Structures are given as structure tokens and as C-alpha cells.
Protein chains: 2
Amino acid sequence: MGYSKASKANTHARLVEAAAARFKERGIDGISLADLMKELKLTHGGFYRHFDSRDELVAEALALALARSGETMRERLFDGAKGDGTQSDLAGFIDFYLNEAHRDGRAGGCAVAALAGDAPRKSVQVQAQFREQIERNIAALSEALPPNTAADSREQALVMLSTLYGALTMARAVGDSPLSREVLRTVRKRLTDAGGLNKKRRPRKKELAPIRD
Amino acid sequence: MGYSKASKANTHARLVEAAAARFKERGIDGISLADLMKELKLTHGGFYRHFDSRDELVAEALALALARSGETMRERLFDGAKGDGTQSDLAGFIDFYLNEAHRDGRAGGCAVAALAGDAPRKSVQVQAQFREQIERNIAALSEALPPNTAADSREQALVMLSTLYGALTMARAVGDSPLSREVLRTVRKRLTDAGGLNKKRRPRKKELAPIRD
DNA sequence: ATTATCTATAGATCTATAGATAATGC
DNA sequence: ATTATCTATAGATCTATAGATAATGC
């Protein structure tokens, strides 16, 4: 009770962290403050020493979740390609994104895919948070596209992002099933192959690596 | 009070209808039974003469919403093309789907795009409802693809559906904005043009019809 | 006589607040 | 002395149930 070694700032950060995971897993309205506090072994009454309202937590948790997703995207796109002379690993990112592990791991996965469906029902402030991060994601993906397609790379990035979000959402909506795996596998394959986008970078046998159904 | 001319079956049907619209607009958990009954000028106590539980209403409303979306899709794909010798109007469907009117009209729009984000948080029964309708949508879109691509038409349909759902979801998530309109316009254009999918059917100037931002 | 709808309420859950408790820092 | 956390509770809202009311059909 009282002051533990965990400072106020630490508890605040842990709350935002836990909220980000639970919101992605169960939806922005899918967890109560009492249950969230319980997850941190705290009681619900203490919540308001850290936030003025639930909405304030939502804003902070969403900001964290969206920023993290963007960072992970950039890492997968650009860090994975270091050392072999290429500038990006687009196919590596696609493999990472359209995956059964990602499908089943909403709490640790992409915040846009997990929460975009909730956004239209929320405030314009929430929608602005999505807008700003999605702009960054478009920029990142656009940079990662092969240079020869640079003329309309923003358009390509927009379409590819739509496809990635849509495929993951669909794979999740239908539950674990052959269809779910087929969506992931097929879209992964066709995005990687399409238009010869990435032929230089990924040997064909790796693109066609079998996925067990 | 008492028996109105509206028979029990009629009230039941109106409840399912209203629920389908509200669920698509605000989410499956986004409206209370009391508010739903109020929309029909009824009081909340009467609800349980029509349904054993809220979940039963959810199942029926979702079934209606998903089936309607599928019917609309088939109509747009196949009825719009009658008379000119072609078998489908894929570009017409894409124009209809990726549209500001559809973006802003969730209550009357596609149930998959409106509710797929809720599905992973719901029961496996709900997910099975999505799975069955999405299978039908894949079949419809697959049939509507130009015959020369028939060899892998299911794969193409899967990718195109992912892109359509993802683009509409993204356009909604970012709120009304230049980005939202850009997503709709760009994906619409690139899906219509891509791979010469539909060149025979749609004159180029119509494909490039300007959208005001 | 039947029964769709209404009135009233139980029980659960949720956000938010008020005041008590106790661990830490000065 | 300060304040993070806890205990207790107010007030709102939600699903579900019980019994009353009144319009329809036989």
C-alpha cells in the first residue's frame, strides 16, 4: 500500500502500456478501468491519480500503440535489409505482417489493423491520431518500394497498405480456419510477386515457402 | 399498448432490421436494447417476447446484414452489366464500393467492412457467420473477374476483396479528410486499371473521372 | 382468452469521486 | 509532510425478469 518503489511515472507508463495491449486485443471499449488496474495489481480507485478521465488514457494508449506499430514497420522494412546492399526488405515485412502469429497476437500486433474498425465510432481526435500515423506508414512503405516504381510510389503504397490491413482483418474475422490461412498465404504471395515488385530481393523459393494448413 | 396491427412477426422483423443498421453504424456492442426498442417506439421490457437474449438478436441481425451485403454485391457485379453483352460490371462495383457515400453510410453499407473488426472479439459462431458470407463474396467476385484470368481467379478475388475492405476501413478510420478521399480515389483507380482487368469494359476517361477534394 | 406491450425492478457493471491509509522523501 | 494506493460509494447504464394492462381474435 501507499508509495511503492514504482514511482508515479512508472505506474502511469505501465497503465498506458497495458491499456494499449488490451485495447488492441478487445477493442477500445473492451476493458474496464477496474480490470485494467487489476492487471497491474492495483485497485480501481487509484486510477484518477494518473489520468483525468478514461478518454485521456485512450488517447495516450492509442498514441503509444500507433507509434509502436509504425516503428516496427520501419524496422522490418529497413533494418532487415542491412548489409546486403539493398535498401529495404519489403517481402520480409509482408511475410512478417501477413502471418498466423500476427493474426493471433492482436495485443502485440499492428494497432491500425486491430483498431481501425473502432475509429469511425470514436471522436475526431481519435480519427486524427489514426490519420497521422497512417500518413507516416504510407511514407515508410512508399520509401521501401523498389526505386524503379518511384513515380507513383505513394499510390502503390496506399493500395498495398489497404490490402495488408484488409487481409489481416479478414483473416481475423473468419476465425482460425482454412480460409483464414488461405487469405494470409495468398495475399502474402501475390503482394510479394505482384508486378515484379521484389524479385531482385527475394529468391523465388523463399517466396513460395509452404505454409502448413 | 397491447396488440397493435403490427403483428409479432412484423415487430420481430423490424427489430432485426433496426439492429442490423445500428450495429453496422455503432458496432455490435454500440447500442443498448432500450435504445433499440425506443427507435421502434417500444419500451425495453417487451424485447424478450421476441428474443431469448441479446445474443440471439445479434445472430439474426448479423445474418441479415451479411446476406444483404452479399446480395448487393452480386447485383452490382452482375445486374449492372445486362444488355451490352458483357457478363459483369466489375468496375461499376468497385466505383460503388469505394465511395464517399459508402464511407459515410455505414448503417446502409457493407456489413463485412463495418463489422469485421468486431468479429475477433466475438464468439466463434459470429466468426463462422463472417466466414460463410466471405466465402460467398469471394465466389461472386471470382465469377465476375474477366474470363482470361480464370486460372487463378480465386486468388485474385481474395486479394481484391482484401484491398476493398482495407481501403474502405482506412478511409473511414482517418475521418473525412483529403487522405480519406485520396485512399478511395487511388485504390478505386488502381483496382480498376490494374493488370488490364477491366479495360474492355470501362472507357479510360470514365476510370479517370476526377473526384473533388 | 390470448398475448404484445408497458411498468417496475433486480442484479451486474461501469466511470468517477471522497476520504482513509501507509510508504516514502525531506 | 506528501501522496500513491485503497476502501467505499454515488450515479448512470445495461441485460434480464415479473407481473399489469389493454388491443385483438375466437
Side-chain angles (χ1 to χ4, degrees), chain A residues 1-63 115 118 121-123 125-126, chain B residues 1-63 115 118 121-123 125-126:
Chain A
M1 305 129 191
Y3 250 69
S4 78
K5 269 182 191 166
S7 68
K8 183 178 183 180
N10 188 2
T11 300
H12 184 105
R14 285 166 60 226
L15 268 171
V16 173
E17 194 87 40
R22 286 314 135 244
F23 290 164
K24 284 194 286 179
E25 189 179 339
R26 305 186 204 172
I28 293 177
D29 297 328
I31 184 160
S32 70
L33 300 183
D35 284 347
L36 196 68
M37 293 297 277
K38 208 177 288 175
E39 190 174 322
L40 269 70
K41 314 265 186 197
L42 296 173
T43 54
H44 57 284
F47 177 83
Y48 292 91
R49 290 276 169 173
H50 299 284
F51 301 92
D52 286 344
S53 67
R54 192 183 197 282
D55 276 350
E56 194 175 293
L57 171 66
V58 168
E60 288 192 33
L62 194 55
L115 295 173
D118 290 358
R121 309 163 189 163
K122 294 288 171 189
S123 67
Q125 285 80 11
V126 163
Chain B
M1 306 127 192
Y3 250 70
S4 78
K5 269 181 191 166
S7 68
K8 184 178 182 179
N10 187 2
T11 300
H12 184 105
R14 286 166 60 226
L15 268 172
V16 173
E17 193 88 39
R22 287 314 134 244
F23 289 165
K24 284 194 285 178
E25 189 179 337
R26 305 185 204 172
I28 293 177
D29 296 329
I31 184 161
S32 71
L33 299 183
D35 284 347
L36 196 68
M37 293 297 276
K38 208 178 287 175
E39 190 174 321
L40 269 69
K41 313 264 186 197
L42 296 173
T43 54
H44 58 282
F47 177 83
Y48 293 90
R49 289 276 168 173
H50 300 284
F51 302 92
D52 285 345
S53 67
R54 191 182 197 282
D55 276 350
E56 193 175 294
L57 171 66
V58 168
E60 288 193 31
L62 195 57
L115 295 173
D118 290 359
R121 308 164 191 163
K122 294 289 171 188
S123 67
Q125 285 80 10
V126 163

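Please read all numbers here as calculations on a predicted model, not as lab measurements. Note on naming: letters A, B, ... go to the chains in the order of the sequence lines (proteins, then strands), and numbering restarts at 1 for each one.
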| said: Is the phosphate of D/dA16 approached by B/Ser53 (side-chain N or O, under 4.0 Å from OP1 or OP2)? | reply: no
| query | Is the shortest heavy-atom distance from the side chain of A/Leu115 to the side chain of A/Lys24 under 4.5 Å? | reply | yes
| message | What is the distance, to the nearest angstrom, from the CD atom on B/Glu56 to the P atom on D/dT15? | response | 15 Å
| note | Expected list for residues 23-50 of chain A near DNA chain D, using heavy atoms below 4.0 Å, is A/Lys41, A/Leu42, A/Thr43, A/His44, A/Gly45, A/Gly46, A/Arg49, A/His50
| Which nucleotides of DNA chain C pair, in dot-bracket form (Watson-Crick or G-U under 3.5 Å, | meaning another strand) | ||||||||||||||||||||||||..
| query | What distance do B/Lys38 atom NZ and B/Ile31 atom CD1 have between them, rounded to the nearest 0.5 Å? | reply | 9.5 Å
| task | Ignoring backbone atoms, establish whether A/Thr11 has a side-chain N or O less than 4.0 Å from OP1 or OP2 of D/dA4. | result | no
| task | Drop me the distance from A/Phe23's CZ to A/Leu57's CG, to the nearest 0.5 angstrom. | result | 4.5 Å
| task | Give a yes or no on whether a salt bridge exists between B/Asp29 and B/Lys122, defined as a side-chain N under 4.0 angstrom from a carboxylate O. | result | yes
| query | How long is the span from the CZ atom in A/Phe51 to the CG atom in A/Leu15, to the nearest 0.5 Å? | reply | 5.0 Å
| said: Within this structure, what is the OG-CZ distance for the pair B/Ser32 and B/Arg26, rounded to the nearest 0.5 Å? | reply: 8.5 Å
| task | May I have the distance from A/Arg14 (atom CZ) to D/dA4 (atom C1'), rounded to whole angstrom? | result | 12 Å
| salt_bridge(B/Arg121, A/Asp118) N-O dist < 4.0 Å | yes
| Taking NZ, NE, NH1 and NH2 as the nitrogens, is one of them in B/Arg14 or B/Glu17 under 4.0 Å from a carboxylate oxygen of the other? | no
